A.B. asks: 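Mind having a look at this structure? Questions to follow.
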Amino acid sequence: MKDFNKLCKQVEALDPIEYGTVITAKTAKIMPALRAVSDEPADSVALLATFLIASVYADGKLDEAEYLLMLPMLKLFFGEDFDYERAKAAVKKFRAEGDELKRTANDLIDLLGLFSEELKNDIITVCLLICAVDGKITLKEKKYIMQLIK
C-alpha cells in the first residue's frame, strides 16, 4: 500500500468485468482467513462487514450501488430481510454514535495484525472496491480506509 492514491485511481478506473473479477477473487481469499483466526468466526466476518459499511458511509451517504454490492454479505450477517432502508438506518445510527466508527476501525486494525501483508492488502482493496462502485472514492472514504494502512 505504498502508493495509496495510485491504487485508488486504478480501482476507480476498473471496468465492471474487471471489478467483479477482482472483488470475487479477493473475497474468496479473505473470508476463509477471517474465519480461521477467531474462536467466533462470525464475529470476525461481521467486523469486516461493519467496517465495509462504515467505509462507504464515511462520506455521509450510502449509495444504492454500494449497498447492492455488499448485499450478499450483509444478508449473511444480518438476515435475509436486511434491505437498503435498514442498511441506511443502521449506518446513520452507527455514525451518530461518533466514536463507534473509530472503535470499529481500531478493532479491524487489531484483527489485521493477525494476517499477512498480502491478506491485509486484499482487505483494504475490497474496502476500496466497494467505495469505488459508484466510480469515485471520496476524500472522506480515503481518510477512513487509510486508518487500516497505518
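For this chain, numbers begin at 1 and follow the sequence in order. These numbers were taken from a predicted model, which means no experiment stands behind them.
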A.B. asks: Report the distance from atom CD of Glu141 to atom SG of Cys8, rounding to the nearest 0.5 Å.
C.D. replies: 9.5 Å
A.B. asks: So which atom in Ile145 and which in Leu128 form the shortest heavy-atom distance, rounded to 0.1 Å?
C.D. replies: CD1-CD2, 3.7 Å
A.B. asks: With rounding to the nearest 0.5 Å, note down the distance linking NZ in Lys142 to SG in Cys127.
C.D. replies: 15.0 Å
A.B. asks: What I'd like to find out is whether the side chain of Ile130 reaches to under 4.5 Å of the side chain of Ile23, using heavy atoms alone.
C.D. replies: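 The answer is yes, as the side chains (C-beta and beyond) meet within the 4.5 Å cut-off.
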A.B. asks: Taking side chain to side chain contact (heavy atoms under 4.5 Å, CB included) as the definition, give me every residue that meets it alongside Glu12, ordered by chain and number, with sequence neighbours left out.
C.D. replies: Lys9, Ala132, Lys136, Ile137
A.B. asks: How far does CG of Asp3 sit from CD of Gln10, to the nearest 0.5 angstrom?
C.D. replies: 8.0 Å
A.B. asks: Can you sort out the partners of Ala33 under side chain to side chain contact (heavy atoms under 4.5 Å, CB included), two or more places apart, ordered by chain and number?
C.D. replies: Phe115, Leu119
A.B. asks: Assess the residue pair Val126 and Val22 against the criterion (side-chain contact (heavy atoms from CB on, under 4.5 Å)); give the C-alpha distance rounded to whole Å, side-chain angles, the decisive distance to 0.1 Å, and a yes or no.
C.D. replies: CA-CA 8 Å; Val126 168; Val22 173; over 6 Å; no
A.B. asks: Mind checking what makes salt bridge (Lys or Arg N to Asp or Glu O under 4.0 Å) contact with Lys29, not counting sequence neighbours?
C.D. replies: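 In terms of salt bridge (Lys or Arg N to Asp or Glu O under 4.0 Å), with neighbours along the sequence ignored, Lys29 is linked to Glu118, Asp122.
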A.B. asks: What pairs with Leu139 under side chain to side chain contact (heavy atoms under 4.5 Å, CB included), at least two apart in sequence or on another chain?
C.D. replies: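 Leu139 satisfies side chain to side chain contact (heavy atoms under 4.5 Å, CB included) with Lys143 once adjacent residues are dropped.
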A.B. asks: Quick check: do Glu18 and Asp15 have side-chain heavy atoms less than 4.5 Å from each other?
C.D. replies: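 Result yes, sub-4.5 Å side-chain heavy-atom pair found.
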